[in-house]
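Comments concern the structure below.
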Amino acid sequence: MTASEVLFVTIQIKHSRFGTVTDENGDYQLKDVPAGSHVVVVSIVGFEPAELDIETGEDKR
């Protein structure tokens, strides 16, 4: 397993209903996130959550 293949990590858009979990390959998809500025919260048991600022556009899903 590599750093890019972290399994079963929770990924959420802060203060929203949008979220997902990485699969057995470390892959994930967040669909239908509205365009704009968001904070993504990445968390896994045993580690401090990380927050990332992102910008989504009309064609980014």
Side-chain angles (χ1 to χ4, degrees):
M1 180 166 59
T2 67
S4 63
E5 297 173 328
V6 181
L7 312 179
F8 310 114
V9 174
T10 301
I11 301 170
Q12 297 178 299
I13 302 294
K14 193 171 187 176
H15 304 300
S16 80
R17 62 180 178 82
F18 298 98
T20 191
V21 176
T22 60
D23 65 15
E24 65 276 356
N25 297 313
D27 298 324
Y28 69 94
Q29 290 185 30
L30 276 173
K31 295 182 179 183
D32 302 320
V33 176
S37 297
H38 303 283
V39 176
V40 174
V41 181
V42 180
S43 60
I44 189 169
V45 175
F47 293 89
E48 289 291 321
E51 293 189 2
L52 306 163
D53 295 318
I54 65 163
E55 187 77 28
T56 59
E58 292 293 324
D59 59 343
K60 297 178 183 174
R61 292 178 175 238

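All residue numbers refer to positions in the sequence shown, counting from 1. All values below were derived from every heavy atom in this structure, side-chain atoms included, with hydrogens, water molecules and symmetry-related copies excluded. All figures in this text were calculated on a predicted structure; none of them were measured in a lab.
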Side chain Thr10, main chain Val21, donor-acceptor under 3.5 Å: no
Any donor-acceptor N/O pair, Thr22 side chain to Phe8 backbone, under 3.5 Å: yes
Working to the nearest 0.5 Å, report the span between [atom1] of [X] and [atom2] of [Y].
| X | Y | atom1 | atom2 | answer |
| --- | --- | --- | --- | --- |
| Leu7 | Asn25 | CG | CG | 8.0 Å |
| Gln12 | Glu51 | CD | CD | 10.5 Å |
| Thr20 | Asp27 | OG1 | CG | 10.5 Å |
| Lys14 | Ile54 | NZ | CD1 | 13.0 Å |

[X] and [Y]: same hydrophobic cluster, using ILVMFWY side-chain contacts below 4.5 Å?
| X | Y | result |
| --- | --- | --- |
| Leu30 | Leu52 | yes |
| Ile13 | Val41 | no |
| Ile11 | Val39 | no |

Heavy-atom pair with the smallest gap, counting every atom of Ala35 and Gly57: CB-C, 3.9 Å
Residues which pass side chain to side chain contact (heavy atoms under 4.5 Å, CB included) with Ile44, listed by chain and number, not counting sequence neighbours: Val6, Val9, Phe47
